[in-house]
Structures are given as structure tokens and as C-alpha cells.
Amino acid sequence: MTDFIAVDPGRQKCGLALMERSGAVRERAAVSAENAGDKISEWMERCAGVDTIAIGNGVGHKEIMNALAERFPLVKLEIVDEAGTTLEARRLFLRHNPGKRFWMVFPFSLFAPGTLLDKYAAEAIGLRRLRAKR
């Protein structure tokens with residue numbers, strides 16, 4: 001199954017998700033914005049079928065998009081509306097980390113650093129892209 005990469009852009013750091021067209025996530029990562037291209041390149045070498053990079057339209061997306069367009073000229077770049085993906089990322093985190101009910105009692109921000117949520121925000125962007133395609 002052909003894979004694609006979803007990117008939650010930022011000026012300092014980016015969330016990345018290597019996803020299948022079914023919506024399954026093969027891998028997640030949070031990296032500095034300057035290292036995003038290196039991680040994407042690593043994934044593309046491992047998964048020859050990657051033909052699309054979906055980029056959230058948040059802070060820093062133009063810089064990331066320009067850098068990726070230059071580095072990967074044969075890959076299709078798609079902009080995805082990322083409004084509300086932080087809340088969706090929290091739900092995804094809780095779904096993938098069951099049994100940690102204290103997340104529900106205490107403020108989530110006390111326990112989940114931004115880089116943790118960035119990974120799931122990228123997944124949320126990827127899932128949003130798939131829903132829009134259906």
C-alpha cells in the first residue's frame with residue numbers, strides 16, 4: 001500500500017507521521033524544523049511508495065513547504081487545514097496510550113510536552129487529508 005507523510009509544521013519543531021492510505025500509522029516522530037527534511041528523506045528511502053507529503057497550514061508551513069518542494073521535487077505537496085488538530089491530537093494520544101486515566105483528571109499540559117503532541121497532530125493532519133479525499 002502506498003504511503004504518505006503528514007507534517008505538523010512549526011518554526012522550531014515539526015511533528016511527522018508516516019501513514020498508510022488506510023489511515024494506519026507506521027511511524028511518528030517529532031524533530032526540529034531544520035531536521036524535518038532529513039527524517040522525511042530517511043522514511044522515503046525505506047518506503048519507496050511515498051508520493052505525497054501533506055502539510056498542515058499552521059505556523060511555519062510556508063517555510064517547510066518551500067524547503068520540501070526544493071528537496072523533493074517529484075513528490076506532491078498538499079496543504080491541509082489544521083484548525084483543531086491539537087484537540088484531535090490529544091484524543092489520539094489517549095486512544096494510543098490506554099490505561100493512563102490520570103490524563104483525564106489532571107490538566108493534560110502538565111504531563112504531555114509539546115513534542116509528544118506534535119507527533120499526534122501530524123497523524124491528525126494525515127487523517128484529515130484522508131477524510132477529505134473520500
Side-chain angles (χ1 to χ4, degrees):
M1 187 168 264
T2 305
D3 301 317
F4 71 98
I5 295 170
V7 179
D8 176 36
R11 286 195 175 90
Q12 302 296 319
K13 56 188 169 39
C14 293
L16 305 172
L18 176 60
M19 301 183 69
E20 296 177 0
R21 301 249 186 249
S22 66
V25 178
R26 295 181 63 180
E27 195 170 334
R28 292 179 198 85
V31 297
S32 67
E34 61 190 32
N35 292 331
D38 292 338
K39 187 64 172 177
I40 289 171
S41 183
E42 175 190 318
W43 284 349
M44 290 179 74
E45 287 175 15
R46 232 181 328 134
C47 304
V50 173
D51 62 353
T52 303
I53 299 174
I55 304 167
N57 66 346
V59 174
H61 83 276
K62 290 180 184 175
E63 294 85 356
I64 294 290
M65 186 164 179
N66 290 337
L68 295 178
E70 186 175 313
R71 188 161 180 177
F72 307 107
L74 301 178
V75 176
K76 181 179 177 183
L77 302 178
E78 294 181 4
I79 296 293
V80 177
D81 179 20
E82 70 170 56
T85 54
T86 300
L87 292 175
E88 196 172 337
R90 289 179 182 189
R91 286 191 291 275
L92 289 167
F93 173 83
L94 291 170
R95 184 180 322 141
H96 293 290
N97 295 278
K100 296 184 170 84
R101 294 292 170 213
F102 60 89
W103 298 115
M104 303 299 228
V105 178
F106 297 102
F108 192 82
S109 59
L110 290 176
F111 302 102
T115 55
L116 179 63
L117 283 183
D118 288 338
K119 298 176 193 182
Y120 290 95
E123 179 181 349
I125 288 166
L127 292 172
R128 189 169 286 182
R129 174 192 178 266
L130 290 173
R131 284 192 300 267
K133 294 283 183 190
R134 292 184 183 142

Hey, is the main chain of V80 close enough, under 3.5 Å, to the side chain of R129 for a donor-acceptor pair?
-> no
Could you walk me through whether F4 and L130 pass the side chain to side chain contact (heavy atoms under 4.5 Å, CB included) check?
-> CA-CA 10 Å; F4 71 98; L130 290 173; 3.8 Å; yes
From [X] atom [atom1] to [Y] atom [atom2], the distance as rounded to the nearest 0.5 Å:
| X | Y | atom1 | atom2 | answer |
| --- | --- | --- | --- | --- |
| E123 | I125 | CD | CD1 | 11.0 Å |
| W43 | D3 | CH2 | CG | 10.5 Å |
| K119 | K13 | NZ | NZ | 12.0 Å |
| Q12 | E34 | CD | CD | 9.0 Å |
| L68 | R71 | CG | CZ | 8.5 Å |

NZ/NE/NH1/NH2 to OD/OE distance under 4.0 Å, R46 and E42 = yes
Can D51 and R21 be counted as an ion pair, charged N to O under 4.0 angstrom?
-> yes
Taking the side chain as C-beta and beyond, is there a heavy-atom pair between [X] and [Y] under 4.5 Å?
| X | Y | value |
| --- | --- | --- |
| H96 | V25 | no |
| I5 | V75 | no |
| D8 | L117 | no |

Show every donor-acceptor pair shorter than 3.5 Å between a side-chain atom in residues 53-65 and any protein atom, with sequence neighbours excluded, or say none if there are none.
| residue | atom | partner | partner atom | Å |
| --- | --- | --- | --- | --- |
| N57 | OD1 | E82 | N | 3.0 |
| H61 | ND1 | N57 | O | 3.3 |
| H61 | ND1 | G58 | O | 3.0 |

Walk me through it: do L127 and L92 pass the test side chain to side chain contact (heavy atoms under 4.5 Å, CB included)?
-> CA-CA 11 Å; L127 292 172; L92 289 167; 4.1 Å; yes
Dump the intermediate steps for side chain to side chain contact (heavy atoms under 4.5 Å, CB included) on V7 and I40, then the final yes or no.
-> CA-CA 9 Å; V7 179; I40 289 171; 4.1 Å; yes
Over all heavy atoms of both residues, which pair between [X] and [Y] is shortest? Give the atoms and the distance, please.
| X | Y | value |
| --- | --- | --- |
| A6 | A122 | CB-O, 3.1 Å |
| L16 | A36 | CD1-O, 4.2 Å |
| A121 | A89 | N-CB, 3.4 Å |

